[in-house]
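These notes concern the structure reproduced below.
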Amino acid sequence: MTSERGSVSVELVLLTPLLMVLVLFGVYAGRASEALIQVRHAADQAARAASKGSRSQIQTTAARVAERALQNSGASCTELFVETSIIQQGEDSAVFVLVKCTVKNDDLSLLVTDPRVVSASSLEVIDRWRVDT
């Protein structure tokens, strides 16, 4: 009869790297989903603020508001891209804002993944009766 003393220790040593990769993948997936929620919120806030402001300041207002919204929410973005355009919808105009964010994964280098880019867009109607300043 052979002794099986220490077999649990050997199994644990062999499974530890796999368990670490699973934990890191869970962190990566959670960070990406949280970043998507934050980017959606930032796009909505940017479109709303841009629709209320002056037409000449739409681009700068949207970029400033999106950046501030992501900073306030603690988003893990390394790069931020904000694109703004005015769309004609019949007699009305609307502001379209697209926000893209590269999710930070520097501390997850064991996964060897490419940086993930999450994006969200929002459309907000410009009130045609407001005074344009």
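All values derive from a computational prediction rather than experimental measurement.
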For Q57, all residues meeting side-chain hydrogen bond (donor to acceptor under 3.5 Å, both in side chains), sequence neighbours excluded: T60
Residue pairs passing the side-chain hydrogen bond (donor to acceptor under 3.5 Å, both in side chains) test where at least one lies in residues 33-43, sequence neighbours excluded: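 Matches after skipping sequence neighbours: E34-Q38.
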Listed once per pair and sorted, the side-chain hydrogen bond (donor to acceptor under 3.5 Å, both in side chains) pairs that draw on residues 115-126, sequence neighbours left out: D44-S122, R48-E124
4.5 Å side-chain heavy-atom contact, L22 and L24: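 When only atoms from C-beta onward are counted, L24 and L22 do not touch, as no gap falls below 4.5 Å.
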Min side-chain heavy-atom separation V95-I126 under 4.5 Å: yes
Salt bridge (Lys or Arg N to Asp or Glu O under 4.0 Å): pairs with one or both residues in residues 62-78, sequence neighbours excluded: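 Residue pairs passing salt bridge (Lys or Arg N to Asp or Glu O under 4.0 Å), neighbours aside: none found.
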Testing the basics here: between [X] and [Y], what is the closest heavy-atom pair and its distance to 0.1 Å?
X: A66; Y: A42; answer: O-CB, 3.9 Å
X: V99; Y: V39; answer: O-CG1, 3.5 Å
X: A62; Y: T84; answer: CB-OG1, 3.4 Å

Point-to-point distance, once rounded to the nearest 0.5 Å, from OG of S73 to CD of Q71: 9.0 Å
Between CD on residue Q45 and CG on residue L70, distance to nearest 0.5 Å: 10.5 Å
Residues forming a salt bridge (charged side-chain N to carboxylate O under 4.0 Å, His left out) with E91, sequence neighbours excluded: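 Counting only residues at least two positions away or on another chain, E91 forms a salt bridge (charged side-chain N to carboxylate O under 4.0 Å, His left out) with R128.
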Results of side chain to side chain contact (heavy atoms under 4.5 Å, CB included) for A49 - residues two or more places apart only: T61, V65
Set of side chain to side chain contact (heavy atoms under 4.5 Å, CB included) partners for S9, sequence neighbours left out: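 Side chain to side chain contact (heavy atoms under 4.5 Å, CB included) list for S9, sorted by chain: empty.
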V82-I86 co-clustered via ILVMFWY side chain contacts under 4.5 Å: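 In one cluster: yes.
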Inter- and intrachain pairs under disulfide (SG to SG under 2.5 Å), touching residues 35-74, at least two apart: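 As it turns out, there is no disulfide (SG to SG under 2.5 Å) pair with a partner in residues 35-74 once direct neighbours are skipped.
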Pairwise disulfide (SG to SG under 2.5 Å) hits with a residue in residues 31-78, at least two apart: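 Every disulfide (SG to SG under 2.5 Å) pair that includes a residue of residues 31-78, provided the two are not neighbours, is C77-C101.
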Side-chain cluster (under 4.5 Å, hydrophobic types only) that L123 belongs to, other residues: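 Members besides L123, by chain and number: I87, F96, L98.
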Hydrophobic cluster of L14, others only, ordered by chain and residue number, side-chain cut-off 4.5 Å: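 ILVMFWY cluster around L14 also holds V10.
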Criterion side chain to side chain contact (heavy atoms under 4.5 Å, CB included) on V117 and V103, from CA distance to verdict: CA-CA 6 Å; V117 177; V103 180; over 6 Å; no
